[in-house]
Amino acid sequence: MLDKETIKAEILKSHHFRHATRKYTEELIPQEDIDFILEVGRLSPSSVGLEPWRFVVLEDKELKQKISNVAWGAKKQLATASHFVLIIARTDVRFDSDYFYNHFKARVPDTEKLNRMIEIYEEFQTDHIDVANNPRALFDWSSKQSYIALGNMMSAAAQIGIDSCPIEGFDYQKVNALLTEAGVIAPDHEAISVMVSFGYRYYEPKVEKVRKDREQVISWF
């Protein structure tokens, strides 16, 4: 096993390597590598362990074209990426929803303990983060969890030399309508959160990675 300093150096190297790749070569990612990236997404943490996501690897050419027509920020990636992933977030994540109850029932079979847990999460959603009574806020909370998986997947990809690009540049209502029409999502409890492409960069970045200085973004109090 590599020593800690070597591991740290490799991780930082991969983050310097990673950039928002918009055009890819024709080389395909090996199946075992895309499976690894998706598994990292599946294993990602989420608030209260709710896992309010699905990962859809988009392969249908007709649907890709339809999405491209309403996704100004994804045209090159849809056309060239080895793999294009839709990250779907659940909308039915309120503490008293069937999904919430069944998700935790499978993990906490003791009914009394489960009910106490749900009471705690009711207070959390209602009073602490104030999302329980606002459907948009609930979806945004759910969607935030999917971004944890998104970041982990892109970082994991970079560590094995695979490029990626997160994508928010699309008409959300129209994409949801397309995904509903195609049977990709169940609109009563799912919606698109974000997209991400994976592949191998067609060209190197024209400029080096630029970030704010450490002193501007990190403080100790």
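In this text, all values refer to a predicted model and were calculated from it rather than measured experimentally.
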Look at the side chain of [X] and the backbone N and O of [Y], then say whether any donor-acceptor pair between them is shorter than 3.5 Å.
X	Y	value
Lys105	Pro109	yes
Thr25	Tyr202	no
His19	Arg201	no
Ser142	Leu138	no
Lys209	His15	yes

If two hydrophobic side chains count as joined below 4.5 Å and joins carry through other members, does [X] share a cluster with [Y]?
X	Y	value
Tyr147	Trp53	yes
Ile120	Ile129	yes
Ile87	Val93	no
Ile148	Val194	no
Leu28	Val196	no

With a 4.5 Å heavy-atom cut-off, do [X] and [Y] have their side chains touching?
X	Y	answer
Pro30	Asp33	yes
Ile7	Asp3	no
Val217	Arg211	no
Tyr24	Ser82	no
Leu78	Leu58	yes
Ser197	Ile167	yes
Arg18	Asp163	no
Tyr99	Arg94	no

From [atom1] ([X]) to [atom2] ([Y]), nearest 0.5 Å:
X	Y	atom1	atom2	value
Thr126	Asp96	OG1	CG	8.5 Å
Ser193	Glu168	OG	CD	8.0 Å
Ile162	Phe198	CD1	CZ	8.5 Å
Leu86	Leu63	CG	CG	7.5 Å
Ile118	Gln125	CD1	CD	10.5 Å
Ile29	His83	CD1	NE2	6.0 Å

Should we say atom [atom1] of [X] is surrounded by more than 12 heavy atoms from elsewhere, each under 6.0 Å from it?
X	atom1	answer
Gln173	CD	no
Lys64	NZ	yes
Glu32	CD	yes

Shortest non-hydrogen separation from [X] to [Y] and the atoms involved:
X	Y	value
Glu62	Asp60	N-OD1, 3.1 Å
Ala158	Ser14	CB-O, 3.5 Å
Phe55	Arg42	CE1-N, 3.8 Å
Leu150	Pro166	CD2-CB, 4.0 Å
Phe139	Ala89	CE1-CB, 3.7 Å
Val85	Met153	CG1-CE, 4.5 Å

Might you work through the side-chain contact (heavy atoms from CB on, under 4.5 Å) test for Leu50 and Trp141, ending with a clear yes or no? CA-CA 11 Å; Leu50 197 56; Trp141 177 67; 3.8 Å; yes
Taking only Lys NZ, Arg NE, NH1 and NH2, and the carboxylate oxygens of Asp or Glu, determine whether Glu119 and Arg116 approach each other closer than 4.0 Å.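 So Glu119 does not pair with Arg116 through a salt bridge.
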Less than 4.0 Å between a side-chain N and a carboxylate O, is that true for Arg136 and Asp140?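 So Asp140 pairs with Arg136 through a salt bridge.
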Any chance the rings of Phe170 and Tyr172 have centres within less than 6.0 Å?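 They qualify: ring centres under 6.0 Å apart.
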Check against side-chain contact (heavy atoms from CB on, under 4.5 Å), Val57 and Phe84: CA-CA 6 Å; Val57 183; Phe84 196 91; over 6 Å; no
Would Glu190 and Asn176 count as a side-chain contact (heavy atoms from CB on, under 4.5 Å) here? Give the steps. CA-CA 9 Å; Glu190 291 181 318; Asn176 278 326; over 6 Å; no
From CA spacing to verdict: side-chain contact (heavy atoms from CB on, under 4.5 Å), Ile88, Leu179: CA-CA 10 Å; Ile88 310 300; Leu179 297 181; 4.2 Å; yes
Below 30° counts as parallel, above 60° as perpendicular, anything between as tilted: where do the rings of Phe100 and Phe104 land?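 Rings of Phe100 and Phe104: tilted, 30 to 60°.
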Using the salt bridge (Lys or Arg N to Asp or Glu O under 4.0 Å) rule, take Arg107 and Glu51 through it: C-alpha gap first, then chi angles, then the decisive distance, then the call. CA-CA 13 Å; Arg107 292 155 177 76; Glu51 301 174 58; 3.2 Å; yes
